[in-house]
*Asks:* 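Mind having a look at this structure? Questions to follow.
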Amino acid sequence: MTEEGENNRYDLHSRRRQFLGIDKDQALKGLFGGNAIVSIVVLALITFFLFKEGAAFFGQYRENIDLYRRSGIEYVDIMKEQSESYSELNRYLNSIRSEHATMLREEGLSFADARAKLSGYEDFIYAIEDLGYPVSEYVLEMSEVAVGARDMYEDAANYREHRENLLELGRDEEAAEVEVLDVDLSLFVDMIKEGEADFLALNDALEAGLRERIADLPTIGVESLDAKMQRFGELALMFIVEMERTEQLLSDWTSEKRVGMFTALASFVFGEDWVTNSSIQDWYGIMPLFTGSLLVASIAMVFAVPLGVGAAIYVNQFANQKEQTLIKPYIEFISAIPSVVIGFFGIAVFGQFVREVSGWAILSGFDFFPISERLTAFTAGCLLALMAIPTIFTLAEDAINNVPKSFKEASLAMGATRLQTTLRIIVPTSLSGIISAILLGFGRVIGETMVVLLCAGNRIEIPDFTNGIGTFFEPVHTMTGIIAQELGEVVNGSIHYRALFMVGMVLFVISLFINYMAQKIVLKYQVSRG
Amino acid sequence: MSLLTHNLTAKTSQQTTQSMASKPSGPSRPLIRVSDFDFFYGEKQALFDINMEMRENEVTAFIGPSGCGKSTLLRCINRMNDLVEVARIGRGKIEVNDADIYDPRVDTIELRKRVGMVFQKSNPFPKSIYENVIYGLRIQGINKKSVLDETVERCLKGAALWEEVRDRLDTSGMSLSGGQQQRLCIARALAVEPDILLMDEPCSALDPVATAKVEELIHSLKDHYTIVIVTHNMQQAARVSDKTAFFYLGKLIEMGKTDEIFMSPKNEQTEAYISGRFG
C-alpha cells in the first residue's frame, strides 16, 4: 500500500455528501421533527381559536341578558309564565272533554247524541277559557311594548355604530345623514311598570271568577272523568297560589339591578333553554344539548361495552386461528364505514324497524311502547354503539394481548379452565387497559356528529327522565349536532356564533378529560412486566 | 376419564401413605412412562420415538442443546402443548401412573392438578403472595379461611420461602426478588398437591445464590414429589438429579444414572456434549 493510501485511510473527517451544510441523516431528522411540530402547532392553533372565539361569548351574553332586563322583557316574561300556566290548565280541561268524546264514540253514540252529552259541561269549559283572555291580552300588549323598545334600542345602537364607522373613514357628510334616535329604555319600563295596577286588577278578576267557577264543578257522570274534574279543581287552586307568587315577583322586579357575569355563566351552563332566532329573547343554555349527548352516548355504551369487550375476550382467549383472522378484520372494518352511511341506514332502515318492533303485541306491557317517533336517542345510540365497537374492541384486545403469556400458562398449568383463567387472571390483569378502551370509546361516541345529527330526532329539550326507560325513546339534540346544524347559518361574530363555539369548547374539554383519564388509568394500574 | 381418575386417586392415597412412612429402599416404581413417542409441530417432527421411564421420588434431568426437544417432551407430560394449535402426536403414548394421558376421555384439568409445572421465567400473578399460593384452591372453589391459611403456610414452608415473607403475605407477588418469585411459583404449584413437578429451566434467570436456594429446595422436595427438570446447566443436572437423559435433535440419545452419564457416558455424542465440545 502506498503512503498516500495509508493517509486517506486515516482521514477521519466526514465523507458524507452535504447539501447546504446538511447531510442526508440530518435532513431526514429535520423532516420527521418538522412533521411532529406541525401537528402540535395545528392542535395549539385549534385550541387557541376555540378559546378566542368562545371567550367573548360570556361578555356578549351578559349584555344581552342585561338588555333583556333593562327593556322590561324579563318583567313581561314573568307575567307570560302565568298566562302559560293558565293555558296549561285549559289544556287539561280540554283533554277531559276529548277523552269523553272518544269514550262516547266507542260506545257507538251518534254525533248528535254525543254532542248533547258533552254540551252539559262545555259551557263551563268555555267560561274558564274566557276568564283568561283579559290577562293574556294585556300580557301580549305589554310584550309588544317591551320587545318594540328593545328593537328600537338595538336599531339605534346599530345606527350609532354605522355612523361612527363612517366618521372613522372620514365620510363626514354621509355620517351626518345617519339619524340616530336616543332611546331611553327606562321610559318604556316605567310605562310597563305603571300598568302593574291594571294587571293586578285583571288578576283579581281572574282569581274571583276562577274561584266562583270551581266552587261549582260540573259532574260528567263517568267516574274516572269526574275524578279528573276534581283534580282540575285542585290544579286551579294551585294556579291561584302561583298567581300570588307572580304578583310578588312583579313587585320585587327592578330594571336597576345589573346582570352579573355569573348569571351569564349560570345561564349557559345550567340553562334549560336553547332558543335561537326568537323575536323576543334568545337563550343559550347548554343543558338540553349536554343531557342529549350524554343520553345518546350512554345508550351507545350500554350496547358497545359488552359487545366490544366480549368480542375482544373471545377473539384473544377462545377463538382459534381461523376465527381470529376472520373476526378481527371484520370488526375493524366497521370503522371504515362512513358515518353518514350509518346515519342514512339509521333513518331509512333502523329507525323504522325500531318503531315497528315497538308496536309488537308482546311489548305492549311497557307503557312507553309503541313509540311514535322514528328518530330517537335510542336509534342514534344503537348506531353509535356500532361505531364505538371497533374502538373498544381493538383497544381492549390490545390490552388483553399485553397480558404476559406466562400468566395464562401458569394458570392453565395449575388446572384452571380457560374460563377461570380468563376471568381470574386475564381480565383483572388487563382491566386498566379495558377501562381506558371503554373511555376512549365513550370519547369517540360523544364527539360523533353525523349519526346523531341524522338520527337523534333533533328536538331541543331536556329528556324527561321521569319516564324511566321510556326516556331512551325520546328525540334529543346533541352538542355536536347543534354545531353542525347551526354554525353554517349564523352571523360571524354574533352571540349565537360564539355560543356555538362555547359548545365546541365544552366538547373539547370533555374529550380532553376523557383521554387524559384513559391515559392516567393505564399508567396507574399497569402491571409491571418485570 | 373415570379410569384415569381412579388410577390417579389410588396413586395419590398410596403416595401419601408412602411419603408419610420413611422412604422405601430399593428402586421405586416408574411413575411416568413414555413409549414410542413421536410428536409434531405441524409438519415438523419435534420428537422421534422416545422411550423412557421416570421413577417415583426421583429427580430426572433433561439435558441437551437448544431445540433438542427436551422442553417439548416436558410440556407433553402435562399436555401444555395442547395450547399450540398445530401440535399433534404422531405415535406412541405417555402414561402417568399407568393411565394414558392422551386418552380422549382424559380431562387436562384433572391431569394438570396432578402434574404441576414451574416455568423458566418466574410468573407470579399480579396478586398478593397469599392469593398467588392459593390460586389453585380458589379455582377449585375452596374458600374456607382455615384451609387456605394452612395451605399458604405449608406450601411456603415447603418452598423454603415462609421465613422471608411471613410478615408480608399481603404484598404483591411481583414485589419479590427473582429467586423469591421462582420459589413462590413452586409454592403455588405445591398447593394443589401434585405428585409430579415439571420444571422448565427453573434457574436460568436466577443469580447463583438464588439458584443454590432453588436447588436445595429441589433436593428437599424429592422426598414427596417426582421431579422432572429441564436444564442447560450441566453442573446443575449433576448436582440435583438422580437420573439424566440426554436429548439431541429430538431423539433420546442416552439415559441413565446421573453419575454414570457424567462419569462414563456410553454414547459418543453424550460424551462430546458433556465435555463441552458442542452445545
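Order of the sequence lines sets the chain letters (A, B, ...), proteins ahead of strands, with each chain counted from 1. Below, each value reflects all heavy atoms present in this structure, side chains not excepted, and no hydrogens, waters or symmetry copies.
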*Asks:* Could you grab the distance from atom NZ of A:Lys405 to atom NZ of B:Lys121, nearest 0.5 Å is fine?
*Replies:* 13.0 Å
*Asks:* Taking all atoms of both residues into account, what is the closest heavy-atom pair of A:Ser406 and B:Asn123, and its distance?
*Replies:* O-ND2, 2.9 Å
*Asks:* Under 6.0 Å from the CZ atom of A:Phe318, do we count more than 12 heavy atoms belonging to anything else shown?
*Replies:* yes
*Asks:* Answer yes or no: are there more than 12 heavy-atom neighbours, outside A:Phe465 itself, under 6.0 Å from its atom CZ?
*Replies:* yes
*Asks:* Return the minimal non-hydrogen interatomic distance between B:Phe125 and A:Phe407, and the atom names on each side.
*Replies:* CE2-O, 3.3 Å
*Asks:* A:Ile425 versus B:Lys127: any side-chain heavy-atom pair under 4.5 Å?
*Replies:* yes
*Asks:* Return the option, out of B:Lys113, B:Gln140, B:Glu85, with the maximum number of heavy-atom pairs under 4.5 Å with chain A.
*Replies:* B:Glu85
*Asks:* For B:Arg112 versus A:Leu412, what's the shortest heavy-atom pair and its separation?
*Replies:* CD-O, 3.1 Å
*Asks:* How many angstroms lie between atom CE of A:Met414 and atom CG of B:Asn132, to the nearest 0.5 angstrom?
*Replies:* 9.0 Å
*Asks:* Around atom CZ of A:Phe344, are there more than 12 heavy atoms from other residues, nucleotides or ligands closer than 6.0 Å?
*Replies:* no
*Asks:* Report which part of B:Arg79 has an atom under 4.5 Å of a heavy atom belonging to chain A: side chain, backbone, both, or neither.
*Replies:* neither
*Asks:* Are B:Arg75 and A:Glu409 within salt-bridge range, i.e. N to O under 4.0 Å?
*Replies:* yes
*Asks:* Looking at every heavy atom in both B:Phe119 and A:Ala410, which two are closest together, and how far apart are they?
*Replies:* CE1-CA, 3.7 Å
*Asks:* So with a 6.0 Å cut-off around CD1 of B:Ile142, is the heavy-atom count from everything else above 12?
*Replies:* yes
*Asks:* Please classify the contact between B:Val115 and chain A as side chain, backbone, both or neither, with a heavy-atom cut-off of under 4.5 Å.
*Replies:* backbone
*Asks:* Where along residues 415-423 of chain A does a heavy atom come under 4.5 Å of chain B, listed by residue number?
*Replies:* A:Gly415, A:Ala416, A:Thr417, A:Arg418, A:Gln420, A:Thr421
